[in-house]
Amino acid sequence: MAATARTPLISGNWKMNHNHFEAIQTVQKLAYLLHADDYEVVDVSVHPPFTDIRSVQTVLEADETPIRIGAQHCYFEEKGAFTGEVSPAMLAKLNVELVIVGHSERREIFGETDELVNQKVKAVFKHAMTPILCCGETLAEREAGGAEEKVSGQVRAGLAGLSAEQVASMVIAYEPIWAIGTGKTATADDAQAMCKVVRDTVAEVAGEEAATSVRIQYGGSVKGSNAAELMAQPDIDGALVGGASLVAEDFAAIVQYRSHG
Ligand code: PEP
């Protein structure tokens, strides 16, 4: 498939880290470290815990910092008796632009199924936000030769019922579970091969145009030292970063991978 101009998206998933004071400090520092020319070539998002989003929004908007506000997940219903959940409408009201859906921790710890993930993807679109649909195999699945089947199955299920235009506009994060938070990164070749599987699956499900436009992130122990090699791969259009996104300097080094490679 021909390479196209897909602006890379580097997203920081803070998981259950940083209270709202720490969140403010982190985004202020990040805003100081990133410059106008970074935002010209890379889209950047941060995904704080729900309790931080309003604080982060206030700081970013007051300073007109072009870091996009993201969330780590949401429920699919608009409102109602769903104790503890947050709706996409509530996130949209806080100018959240991107919502991670189906992260492996949500799937493994909280039992999110492919069907639930698909409902959430649709709900995020309904509120004019962009889903970052996560997929990825376990080590056992990889060693048994089932990585491609697992990932293409998750992608098919996650995209069910979407229009080709919706698929074209979204983000898919390939995150091998064995590389998340372990310090083990997939080799650039392995990451590229799996991101190609994702793109080929999108082509089958939603057509070539959607596959050419959809942005595919790699996630799994991305750092300043390995970002440039990963980002050089033709089917990798960004990174979903966990641990290294918690420290502004480390995350900035990933965003500025062109000069830190
Ligand atoms: C993640 O949780 O999405 C992730 C990739 O984490 P880490 O960068 O810490 O491996």
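Just the heavy atoms: all of them, side chains too, but no hydrogens, waters or symmetry mates, feed the values below. Remember, predicted model here, so these are calculated numbers, not experimental data. Numbering of ligands and ligand atoms starts at 1, following listing order.
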(Q) Do the side chains of D114 and R156 get close enough for a salt bridge, i.e. N-O under 4.0 angstrom? (A)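 No, this pair does not count.
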**Q.** Spacing of NZ belonging to K150 relative to SG belonging to C135, to within rounding of 0.5 Å
**A.**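 Rounded to the nearest 0.5 Å, the NZ-SG separation comes out at 9.5 Å.
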Q: Go through H127 and E78 one step at a time and tell me if the side chain to side chain donor-acceptor pair (under 3.5 Å) criterion holds.
A: CA-CA 10 Å; H127 291 275; E78 299 272 320; 2.9 Å; yes
Taking only heavy atoms of [X], which atoms of ligand 1 are found under 4.0 Å from at least one of them?
X    : answer
N13  : 2 (O), 3 (O)
G243 : 7 (P), 8 (O), 9 (O)
G181 : 7 (P), 9 (O), 10 (O)
A179 : 10 (O)
G220 : 5 (C), 10 (O)
L240 : 3 (O), 5 (C)

Q: Would you check if S45 and L9 make a side-chain contact, meaning some heavy-atom pair closer than 4.5 Å?
A: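 With C-beta onward as the side chain, the pair touches.
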Q: Give the C-alpha distance, both sets of side-chain angles, the deciding distance and a yes or no for salt bridge (Lys or Arg N to Asp or Glu O under 4.0 Å) between R199 and D237.
A: CA-CA 11 Å; R199 201 176 300 285; D237 310 314; 2.7 Å; yes
Q.
Can you give me the closest heavy-atom contact between Y75 and K120, atom names plus distance?
A.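 Looks like CA-CE, 4.3 Å.
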Q. Are V99 and M90 grouped together when hydrophobic residues (ILVMFWY) are joined by side-chain heavy atoms under 4.5 angstrom apart?
A.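 Yes: a chain of side-chain contacts under 4.5 Å links V99 to M90.
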Q.
Give me the nearest non-hydrogen protein atom to atom 8 (O) of ligand 1 as residue plus atom name, then the distance to 0.1 Å.
A.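 I find the closest protein heavy atom is G242 N, 2.8 Å.
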Q) What protein heavy atom sits nearest atom 5 (C) of ligand 1, and how far away is it? A)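 Answer, as residue, atom name and distance: E175 OE2, 3.0 Å.
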Q) Would A244 count as a contact of ligand 1 if the rule is a heavy atom under 4.0 Å away? A)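 The answer is no, since A244 has no heavy atom less than 4.0 Å from ligand 1.
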